Amino acid sequence: MAEFRAATDKKVAVLVAPGLEEVEALAPLDILFRAGIPAHLISITHSRQVTSSHQVVLSCTATLDELSEADLDSYDMVFLPGGIPGTPNLKADARVRELVTQRVRADRPVAAICAAPSILAELGLLEGRRATANPSFVQVLADHGAQVSEASVVVDGRLLTSRGMATAVDLGLEMVRFYLGDVAVEEMKERIVYQG
């Protein structure tokens, strides 16, 4: 097992629901780990085991039920992976809706990829903001007042959105840039043999 060396005290909570798109969760998580940014999979179910849309079972660090408000507050960023039915399952959880609403309104970092930015849009959190999503969900963003982009990743202040599985690495790199800057991103691109 690779040794983790923290480069920052900032932590990222990756909220996972049954039916998530596993690459969208794990590619950014892997890049954060390599960069020394602590990140944990947090299950929104009562079990630490969550099955993805492709029947891959993920073992999470904790469940939302196990975390106190202080525990959750200790995470600097909350990240919502996409996937179907992962995104509807995230959206159906009142705790998730409340958490991301509080975070965006308090200008705390939130990231979402693929279908998951639609959750933020439907909560009224993207109005007047630049964002992107999977092509099947960009209309939802537009209908709720977002300035929609086709970029692989859109950073609007402390809000990061991305398009889908193939842009998950790009999102992970932007998370590294967010916490550690451009030099760390260039070093990471070399380490992972990034060709983009």
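Just so we're clear, the structure is a prediction, and the values are computed from it rather than from any experiment. In this chain, residues are counted from 1 in sequence order.
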Test salt bridge (charged side-chain N to carboxylate O under 4.0 Å, His left out) on Asp65 and Arg95 and set out the steps.
CA-CA 10 Å; Asp65 291 337; Arg95 299 167 302 172; 2.7 Å; yes
Run Val138 and Arg163 through side chain to side chain contact (heavy atoms under 4.5 Å, CB included) and show every step you take.
CA-CA 9 Å; Val138 293; Arg163 300 204 74 187; 4.3 Å; yes
Could you list the donor-acceptor pairs under 3.5 angstrom formed by side chains in residues 19-31, with sequence neighbours left out?
unit_1 : atom_1 : unit_2 : atom_2 : d
Glu21  : OE2    : Val23  : N      : 2.6
Glu22  : OE1    : Ser52  : OG     : 2.7
Glu22  : OE1    : His54  : ND1    : 3.3
Glu22  : OE2    : His54  : ND1    : 3.2
Glu24  : OE1    : Gly82  : N      : 3.0
Glu24  : OE2    : Met165 : N      : 3.1
Asp30  : OD1    : Arg34  : NE     : 2.4

For a quick test of your reading: what N or O donor-acceptor pairs under 3.5 Å do the side chains of residues 99-122 make, sequence neighbours left out?
unit_1 : atom_1 : unit_2 : atom_2 : d
Thr101 : OG1    : Arg97  : O      : 2.7
Gln102 : NE2    : Glu98  : OE2    : 3.2
Arg103 : NH1    : Tyr75  : O      : 2.7
Arg103 : NH1    : Asp76  : O      : 3.0
Arg103 : NH2    : Leu72  : O      : 2.8
Arg103 : NH2    : Tyr75  : O      : 2.9
Arg108 : NH1    : Asp73  : OD1    : 2.6
Arg108 : NH2    : Asp73  : O      : 3.1
Arg108 : NH2    : Tyr75  : O      : 3.1
Ser118 : OG     : Ala115 : O      : 2.6
Glu122 : OE1    : Lys91  : NZ     : 2.5

Review item, side-chain donor-acceptor pairs of residues 11-18, under 3.5 Å, at least two apart:
unit_1 : atom_1 : unit_2 : atom_2 : d
Lys11  : NZ     : Ser74  : OG     : 3.1

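Taking 4.5 Å as the limit, every side-chain heavy atom of His46 sits out of range of all side-chain heavy atoms of Thr63. In this structure the side chain of Leu58 reaches within 4.5 angstrom of the side chain of Val56, judged on heavy atoms. For the pair Leu180 and Ile37, the minimum side-chain heavy-atom distance is below 4.5 Å. The shortest side-chain heavy-atom distance between Glu174 and Val155 falls under the 4.5 Å cut-off. Residues Met175 and Phe79 have side chains in contact (heavy-atom distance under 4.5 Å, counting atoms from C-beta outward). You'll find the side chain of Leu160 stays beyond 4.5 Å of the side chain of Val154, heavy atoms only. Contact check for Thr87 versus Phe137: no side-chain heavy atoms found under the 4.5 Å cut-off. When side chains are defined from C-beta on, Ser59 does not count as touching Arg48, because their heavy atoms never get closer than 4.5 Å.
Between Thr167 atom OG1 and Asn134 atom CG the span is 9.0 Å, to the nearest 0.5 Å. If you take CD on Glu186 and CZ on Arg177, they are separated by 7.0 Å, rounding to the nearest 0.5 Å.
Using modelled atom types, one finds a donor on one side chain and an acceptor on the other under 3.5 Å when comparing Ser68 with Asp71. Checking Thr161 against Thr132 by side-chain atom types alone, no donor-acceptor pair falls below 3.5 Å. In this model, a donor atom of one side chain and an acceptor atom of the other lie less than 3.5 Å apart for Ser43 and Thr45.
With hydrophobic clusters built from ILVMFWY side chains whose heavy atoms lie under 4.5 angstrom apart, Leu159 does not share a cluster with Leu171. Hydrophobic clustering places Val185 together with Tyr194 (ILVMFWY residues linked when any side-chain heavy atoms are closer than 4.5 Å, directly or through intermediates). Linking ILVMFWY side-chain heavy atoms closer than 4.5 Å, directly or via other members, places Val78 and Leu126 in a single hydrophobic cluster. Under the 4.5 Å side-chain contact rule for hydrophobic residues, Val140 and Leu90 do not share a cluster. Met77 and Phe33 fall into different hydrophobic clusters, where Ile, Leu, Val, Met, Phe, Trp and Tyr side chains are chained together by heavy-atom contacts under 4.5 Å.
A donor-acceptor contact shorter than 3.5 Å is absent between the side chain of Glu190 and the backbone of Glu187. Side-chain N or O atoms of Ser162 include one that pairs as donor or acceptor with a backbone N or O of Ser152 at under 3.5 Å.
Within a 6.0 Å radius of CD in Glu66, more than 12 heavy atoms belonging to other residues, nucleotides or ligands are found.
For the pair Pro88 and Pro85, the tightest heavy-atom approach, listed with the atom from each and the gap, is CD-O, 3.2 Å.
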